[in-house]
*Asks:* 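Got a structure for you, questions after.
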Amino acid sequence: MSKKKLNNLGGLVYSTNPDFKLNDEPIEDEQTLPASQQKLKVRLETKHRAGKAVTLVENFIGSETDKEELSKKLKTSCGTGGSVKDGEIIIQGDNRDKVLQWLLKNGYSSSKKI
């Protein structure tokens with residue numbers, strides 16, 4: 001369920017102000033750090049999830065597309081579902097060891113389990 005923008009005006013449909021000008025500032029995508037410079041933290045959380053455990057990967061610095069791509073690789077590696085919300089990669093279940101092992105194997109050497 002992706003949220004799509006219907007227009008490039010940010011949801012603005014109509015303005016009655018005759019002096020209205022839309023600010024067309026390009027949105028800059030955050031630069032993705034190389035894997036060796038990422039200091040990722042892997043932790044388990046059960047709060048606000050009806051007692052279900054999820055593995056969170058935090059502190060990823062980079063664009064949303066890179067975050068989604070890393071999430072997909074981690075979900076495939078663990079054989080579970082998950083998502084990316086609020087800047088965190090969420091993997092269903094207690095997969096801290098699998099996630100950390102995958103991250104270390106793929107060059108994220110500064111990753112640690114909390």
*Asks:* If we ignore hydrogens and angles and just use 3.5 Å, is the side chain of N106 paired with the main-chain N or O of W102 as donor and acceptor?
*Replies:* yes
*Asks:* With the 4.5 Å side-chain cut-off for hydrophobic clustering, are L56 and L100 part of the same group?
*Replies:* no
*Asks:* State, to 0.1 Å, how close C78 and N95 come at their nearest heavy-atom pair, and which atoms those are.
*Replies:* SG-CB, 3.8 Å
*Asks:* Are more than 12 heavy atoms from other residues, nucleotides or ligands located less than 6.0 Å from atom CG of D86?
*Replies:* no
*Asks:* Test: salt bridge (charged side-chain N to carboxylate O under 4.0 Å, His left out). Region: residues 74-85. Which pairs qualify, not counting sequence neighbours?
*Replies:* none
*Asks:* Taking 4.0 angstrom as the limit, do K72 and E69 come out as a salt bridge?
*Replies:* no
*Asks:* Taking all heavy atoms of V84 and all of S71, pick out the closest pair and write down the distance.
*Replies:* CG2-CB, 3.6 Å
*Asks:* When you look at F60 and D66, which way does the side chain to side chain contact (heavy atoms under 4.5 Å, CB included) test go after all the steps?
*Replies:* CA-CA 9 Å; F60 181 84; D66 291 337; 4.1 Å; yes
*Asks:* Given side chains that start at C-beta, do those of L103 and V42 come closer than 4.5 Å, heavy atoms only?
*Replies:* yes
*Asks:* Looking at Q101, I'd like to know if its CD atom is crowded, meaning that more than 12 non-hydrogen atoms belonging to other residues, nucleotides or ligands lie closer than 6.0 Å.
*Replies:* no
*Asks:* For a 4.5 angstrom cut-off between non-hydrogen side-chain atoms, does L70 reach Y108?
*Replies:* yes
*Asks:* State whether the side chain of T32 and the backbone N or O of S63 hold a donor-acceptor pair below 3.5 Å, judged by distance alone.
*Replies:* yes
*Asks:* With a 4.5 Å limit on heavy-atom distance, are the side chains of T80 and I91 in contact?
*Replies:* yes
*Asks:* Mind listing the closest non-hydrogen atom pair of S110 and S36 along with its distance?
*Replies:* OG-O, 3.7 Å
*Asks:* Just one of I61, V57, I89 clears the side chain to side chain contact (heavy atoms under 4.5 Å, CB included) bar with L40, so which one?
*Replies:* V57
*Asks:* Suppose the criterion is salt bridge (charged side-chain N to carboxylate O under 4.0 Å, His left out): which pairs have a residue in residues 104-114, not counting sequence neighbours?
*Replies:* D97-K113
*Asks:* May I have all residue pairs that pass side chain to side chain donor-acceptor pair (under 3.5 Å) and include part of residues 47-58, sequence neighbours excluded?
*Replies:* R43-E58, E45-R49
*Asks:* Please determine whether side chain to side chain contact (heavy atoms under 4.5 Å, CB included) holds for the pair K41 and I114, giving the CA-CA distance in whole Å, both sets of side-chain angles, and the decisive distance to 0.1 Å.
*Replies:* CA-CA 7 Å; K41 295 181 180 176; I114 299 176; 3.4 Å; yes
